[in-house]
Amino acid sequence: MAVLNMVSALNQAFGGEMERDPSVVVLGEDVGRDGGVFRVTEGLLDRFGADRVVDTPLAEMAIAGMAVGMALNGLRPVAEIQFMGFSYLTLSTMISHASRMRNRTRSGMHVPMVMRMPYGAGVKALEHHSESMEALFVQVPGLKVVVPSTPREAKGLLISSIRDPDPVVFLEPTRSYRLMKEEVEEESFTIPLGEARQVREGDDITVVGWGAMMPLIEKAVGSVGKKGIECDVLDLRTLSPMDSTAVLSSVRKTGRCVIVQEAPRNCGVAAELIARINEGALLSLEAPVERVTAPDIVVPLPQGEGHYYITPGRIENAIERVANF
Amino acid sequence: MAVLNMVSALNQAFGGEMERDPSVVVLGEDVGRDGGVFRVTEGLLDRFGADRVVDTPLAEMAIAGMAVGMALNGLRPVAEIQFMGFSYLTLSTMISHASRMRNRTRSGMHVPMVMRMPYGAGVKALEHHSESMEALFVQVPGLKVVVPSTPREAKGLLISSIRDPDPVVFLEPTRSYRLMKEEVEEESFTIPLGEARQVREGDDITVVGWGAMMPLIEKAVGSVGKKGIECDVLDLRTLSPMDSTAVLSSVRKTGRCVIVQEAPRNCGVAAELIARINEGALLSLEAPVERVTAPDIVVPLPQGEGHYYITPGRIENAIERVANF
Amino acid sequence: MLIDDYDPLKKRMLQVLDQEGKVVNPSLEPVLDPDVLMRAYRTMVLARQIDDKAVILQRQGRLGAYPPNRGQEAASLGPAMAIGKDDWLVWAFRELAGLLWKGLDPLRLYLYWMGNEEGSHYPPGLKVLPAVIPVGSQLPIAVGMAYASMIRREGTVTLSYCGDGATSAGDFHEALNSAGTFRTPNVFVIQNNQWAISMPRNRQTAAPTLAQKAVAYGFPGIMVDGNDVLAMYMATQEAVGRARRGEGPTLIEAYTYRMGNHTTSDDAKKYRLEEELKEWEKRDPLVRLKAYLMNRGMLDERQEETILGEAKEETERIVVEAERFPRPTVDDVFKHTYAQMPRTLTEQLERCRRLEGGGR
Amino acid sequence: MLIDDYDPLKKRMLQVLDQEGKVVNPSLEPVLDPDVLMRAYRTMVLARQIDDKAVILQRQGRLGAYPPNRGQEAASLGPAMAIGKDDWLVWAFRELAGLLWKGLDPLRLYLYWMGNEEGSHYPPGLKVLPAVIPVGSQLPIAVGMAYASMIRREGTVTLSYCGDGATSAGDFHEALNSAGTFRTPNVFVIQNNQWAISMPRNRQTAAPTLAQKAVAYGFPGIMVDGNDVLAMYMATQEAVGRARRGEGPTLIEAYTYRMGNHTTSDDAKKYRLEEELKEWEKRDPLVRLKAYLMNRGMLDERQEETILGEAKEETERIVVEAERFPRPTVDDVFKHTYAQMPRTLTEQLERCRRLEGGGR
Ligand SMILES: Cc1ncc(C[n+]2csc(CCOP(=O)(O)OP(=O)(O)O)c2C)c(N)n1
Ligand SMILES: Cc1ncc(C[n+]2csc(CCOP(=O)(O)OP(=O)(O)O)c2C)c(N)n1
Ligand SMILES: [Mg+2]
Ligand SMILES: [Mg+2]
C-alpha cells in the first residue's frame, strides 16, 4: 500500500480502470503529452496511446458533446475541463443532453460519462481559477455530482464514477491535490456514490462539509473538541444524489448543525440541506442551523483572498455559537 | 389606461423606453420583422429601425457577448433568448463577464444590460421549451434576476430593469403571457427591483411565490380562505437580490410558511428562502416550512405534464397541512 | 472526385436531374437498382403524407407544435440512402424522409410530436439518435460518436444533419473543427432551407455559400441541389467513401427550401414573399424524382396512385396506433432519470403517486 | 490591396522586413515618422523588460502566475500602432507591447498579475478592456462594442486579439460570423504563437492557415509575419481603413512564436523541442526592428543602451509602486458587486468586518 497524494491517487485510478476496461477513454485540453495542467493524467498517453488519451482542441462545448457521443457509442469517456471557471461552457450540453438522454429515450440510451474538473480556491490563482459553483450542476436532474476530500476517497469515488451508468460531474478540490498524503490500496476499489462518510462521531453538534472544506473542518473540530464540544462530522462526498438521510439522522441525534460550503451562499448545497433539515428534523433542532459559506461576491484575486476564504477559525466560531445557542 | 395582457404591456414598456432613451437597443433571434416568437417586440423594427432592433444570427453566446460589449460601449441592450432552455449557452458569458465587469474593474466599467427570456411550463410545448431553471442565475453574484407575475408588474419591472446600471436577467412566465389582462398606465413607470410585493394580507400563514405561480397561489389561497385560513401572500418579484426581509417579517407574524416554486427542488430559490427563515426566524416557526416544487426530474413532454406541474390543489394541500400542523 | 469539381469557392452546385427529371450530367447519374429507386420514391411519398397529416392533426389539437418537412424530402433522403445499417444517423428535427429510409417506425415520430417520450424510444441497433431541439447541439455528439467508431476501426460513419441557422452556432464550429482535427468519419449535411424561422439565409452569415465554411476546418465542402435526391445521394456517397477510407469528414450543403411554416406555431407570411414560395414550388423534389422515374419508364400514373394510396393507409395506421398508445404514467416520468432511483426521488415519486391517488 | 494579394488560400505571408532588418518589398514599407518608429522600438524594449521582470518576480513569489510575452511583441504592437485614441483595444492576456503603445500604465498590469483588481481599473477614456481569461470570450464582446460604435456612426474601430487556441472556441465562431453579418468595424488579430499550452497549432485545426477561417465568414483574412512589426502595422492599417469605411471586419493571422512557457506554472520542455525554440529565437521581433532602425541610421549602440537603461528604470518604478500599492480592504472586495449594495450583501459584509475585527 503506497502513501499517495490526491493527484497520484487519481492517476492510479485511471491506470487501473483503463487497464481493466478498454472502453475507458480520457479527453480534454493538454491531457496527453502534458499530462494535464495538474498532472492527473500523466503517463496515460504513453501507456494507452493517443486513441484513448485524447488531446482536444480548445473547445469545451465540443469536449462535453464529444463525451456524450462517445458514451452513446460504446465508450466510457472521462472528460477533463481545465478549471471549473470554464465548465459553464459545457452546461448547455450537460443539461440538454448528458442528463436527459436516458429519460428522453425511456432508457433506450444512456450516457455513462464523467466530466472532471478542479474547483475551488486557495491556491493564489488567476481569475476564474478559484470557483466553486457546484450547485449549478447539483440543480440539474439526471446528473450526479461527486466531490472527494482525500486521496483514498478520490480514487474510490473516481472508479465508481467511471463505472456508473449515468453522467457524473467529478469535482476535484484544487487546494487538496497535493495537500495531504494517505495510504491508498494499490488495486482498484470503489466507494459507493450517494453515501456520506462519517468522519468522526460526536453527540453535541453535526458538522457537514465536502471537498476542500474537510481539512478545515477537521482543524476546527479538533479545537472545539478541546473545549468539550464533540462533533459528529459528515463528509457529504456526493452532492447529487445527496445523502440527506445521513445528515438528518445525525441532526436528530445532535439537535444542532453547522454546514460548511466553500461556494457563495445563494441557492447553494447548504441551503438545500437546511431545507431538508427543516422538512425532516425541524422538531429536533435546538438552534438554527448555521451555514459557513463564501459571501455572494465574485472570488477576489489573490490579494483579496484573505477577506473571502473560509478559515478553521470561522468554522470554530460557528460551531461554538450553535453549540452554545 | 388600457387593459393589456403581459405581451402588450412588455411591448409598451419597450416602446416607451426606446422613445425616451436612444441608447436602448433590442437584439435576438427573430425580434425584428417577426416581432419575436411571442410577439413581445412586435412593431419595434418599424418604429425604431434595424440599427436598434437587431435580428441576430442563431448564436446565443454571441447574443449575450454582444450585449455585454454594447453595454460597455454606451448602449443599453436588451437581449432576447428565445426560450430559457437555450439560455444555458449564455451562462459562461453572464457569469464570466456580465456579472463581473464591475467588480473586475473596481467600478471602472459596468454592464447595464437586460437578458429577457420566456420560462416555465404549462403551454404544451416541445422539449426545452418549458424549463424553469432560474436558480442557475440566482446563484451568480453580480446578476439580478427579475420575474414579473402580471401585465402591470411586467411593464414596471422591465422599465426598472432597463434603467438599472447592473445586468438583469428578466424571466417572463410563458404561461402568463396571454393568461390575464389588467389595467396598465399608458405612460412609463417603474417598480423598484429587490422588493417583494404584498399581494394579500393574512395572519395565519405566509405563502411565497413568483411568476407563473402567482395565479395558482391566488386560487389556492381563495379556497383555503373559505375554510378560514387567512394567508399573507408575497410575490417575490426579484429573485436576486432577494427580499428576504419581507418574507422574514411575514413569517415572524404568521409562524408558518409555504413556498411555491415551479422549478425542480434541489438548490432552488425555495431552499434559499428556507435557509434564511431558519437563520432569521426559526424561533417564530410553528411548523416546518413547506416547499411545493417540481420533482427533481426532467420536465416531461406534454402527455406527461399532468404528473409534473403544480396545481392549485397541491398548493391548497400544503397550506392546509402547514396551517393545521 | 465530385468534391474537387464542386469546390464551393468555384460557386458551382452539384445537380444530376433538372426539374423535368432529365439527367443534366449523365456521367453523374448513380447506378441504382430500380427497386432502390422505387423505394426512394415511396419513401418520399410517405414522408409527404405523414408530414401533411401532422399539420392537420396539429390544427385539430391532436398533435403538438410541429415543424413541416415539405420541400426538404430529397435533402434528407439522399444522404440516408448512401449510408448502411451500421452507420449512425444523427438528425435535428426536420429529416422525416431520411429517417423512414433508415428504418425508423413513423409511429415513433408521431408519438414524439404528440408529446410522449416513447416517441424517442427506438429499437436497439437502429443507430439513430432522437430529435435534437437545441439547434446545432447534435454536432459535437456526432463527432464523439464517429470518434468511437473510428478508434474501434469499425469502418462505419456518422451522418448528421443540421439547418442553415445551425451553422451560426458555436456548437457547429467546435464540432466541425474538432472533426477536422481528429479526421473522424463524419458526414455533415446542412439542410440549407433558406430560412431559420424568420431569418433569411443571408442574415445568418456573410459567406456566399455554407459549403465554403469547410475551408475553415481543413476538409472539403460541396454545395448540392438539395431538391435533387440523386445529387444528394451521389455527394453523400462520395463523402461516406472518404470517411470509411479514413480520409476524414466532409461538409455537404443541401440547397433546398422550407415550403411550409417554421412550425405550426409560425406564420411565414409575416416575413417572406409569396413569390419566393411559388418559385420553389416549381422545384418540388418529389415531382422531380417522379418525372425521372416516369422518363425511365419505371413509374406510371396507375402505380403512382397505388403508392399514394399505400402511403395514406400507412399514415392512417400510425395515427390510430399513436392515439391508442398508452400515455406516460407517473412512474414513467420519474423512472428514467437515473439507472437506479435515488432515495430522494423515490420519496418525491411516492408523494406524487399519493397526490394523484387523491391523498395528500 | 494587401488583402487581395495575400489571400490566405494563396498560401502567402505578408512580410516587410527580413531578419536582417532589410526591406523585402519596398512598396510595402510604411511611411512612418522616425519618432513613431523610435517610440515603437522603445515600446518593444520596455515590454521585454517588464515581461522578463515579471517572470523573475513570480519566481520570487512577488507576483502570481504570469504568461510571458517574449517573442510576440511585434504581433501585439503593430496592430496597436494602426489604431487611434478613440478606437477600442480588446486584448486576451499576452499583448503587453500593444497595451503600452495604447497608453496603459504598466503599473496596472503589474497590479493585475500581482492579484489586485485595481490592476484592471483603467482611467476613463482609455478604451481598453481588461484582460480576458476565458479563451475567446472577448470576441463577442468586441463585436458588440464595434456594433455600438457603428450605429453611432463614430467611424471608430474595435481591435481585438486572441490566440491560435482561441480559434477553436465557439465564441470565436459566433463572434466572427456575427461581425461578418453585421459588417461591424472589427479588426480581429490572431496571435498564432504556434502553441496553446501543450497543444501545437496543427492539433488545433486541420486548416492549413488560421487566416483562411475568414472564408467561413464572408470577409477577408490575411496571414502576416507576426515578428515583423511593420508588416503587422501595414496589414492592420488596411483592415482599420476598411472598417472605418464601413466595409466590415478583417481577420489577421500574426504568425509568431511564444518563446517562453505558457505561464510561469508551465514547463514547455515537457512537450516541445528545444530546436524549435532555437529556430524562432533567430527571428526575434525586437532584433529585427533594431536591425531595421540601424540600417536606416536611426539607432546606434549608444542610443540602444540608453533606451534599455530607461526601460529598466521604468520597470523598477512600477515594481516599487505596485508593491507599495494598497491591498484591497474587505470593503473593496464587496463594494463593486452591484452599483448599490443589496441588503443581504451589506449584512454579509458587516459579518466579515466583524470577523476580521476579531468579533464573531
Ligand atoms: C440553441 C437554440 N436557439 C434557438 C432555438 C429556437 N429555434 C428553433 S428552430 C430555430 C431556427 C433553426 O433554423 P435552421 O437551423 O435553419 O433549421 P430549420 O428550422 O430551418 O430546419 C430556432 C431559432 C433553438 N431551438 N435552439
Ligand atoms: C475557455 C477556456 N478554456 C481553457 C482555458 C485554459 N487555458 C488558458 S490559456 C490556454 C491556451 C490558450 O491558447 P492560445 O489561445 O493559443 O493563447 P496563448 O496562450 O498561446 O497566448 C488554455 C487552454 C481558458 N483560459 N479558457
Ligand atoms: Mg433553415
Ligand atoms: Mg497560442
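On a predicted model such as this, the values are computed, not experimentally measured, just so you know. First the proteins, then the strands, lettered A, B, ... as listed; each starts at 1.
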K.L.:
Checking heavy atoms, do the side chain of A:Leu301, its backbone, both or neither come under 4.5 Å from chain B?
P.N.:
neither
K.L.:
Side chain, backbone, both or neither: which part of A:Glu131 has a heavy atom under 4.5 Å from chain B?
P.N.:
side chain
K.L.:
Which residues, numbered in order, of residues 89-98 of chain B come under 4.5 angstrom of chain A by heavy-atom distance?
P.N.:
B:Leu89, B:Leu91, B:Ser92, B:Ile95, B:Ser96
K.L.:
So do A:Arg276 and B:Arg265 actually touch side chain to side chain, heavy atoms under 4.5 Å?
P.N.:
no
K.L.:
Under a 4.5 Å heavy-atom cutoff, which of A:Ala275, A:Cys267, A:Ala263 has the most pairs with chain B?
P.N.:
A:Cys267
K.L.:
Looking at B:Arg321 and A:Glu279, does any basic side-chain N land under 4.0 Å from a carboxylate oxygen?
P.N.:
no
K.L.:
First locate atom CG of A:Leu136, then atom CZ of B:Phe137, and finally report the distance between them rounded to the nearest 0.5 Å.
P.N.:
10.0 Å
K.L.:
Measure B:Glu127 against the heavy atoms of chain A and call it side chain, backbone, both or neither at under 4.5 Å.
P.N.:
side chain
K.L.:
Go through the atoms of B:Arg104 and report whether side chain, backbone, both or neither lie under 4.5 Å from a heavy atom of chain A.
P.N.:
side chain
K.L.:
With a strict 4.5 Å heavy-atom criterion, list every residue of residues 287-297 of chain B that contacts chain A, or say none.
P.N.:
B:Ala287, B:Pro288, B:Val289, B:Arg291, B:Asp296, B:Ile297
K.L.:
When rounded to the nearest 0.5 angstrom, what is the spacing between CD in A:Glu272 and CG in B:Asn266?
P.N.:
4.5 Å
K.L.:
With a 4.5 angstrom heavy-atom cut-off, which part of B:Asn103 approaches chain A: side chain, backbone, both or neither?
P.N.:
side chain
K.L.:
Measure B:Leu285 against the heavy atoms of chain A and call it side chain, backbone, both or neither at under 4.5 Å.
P.N.:
side chain
K.L.:
Of all of B:Asn278, B:Ile277, B:Val298, which one pairs up most often with chain A through heavy atoms under 4.5 Å apart?
P.N.:
B:Asn278
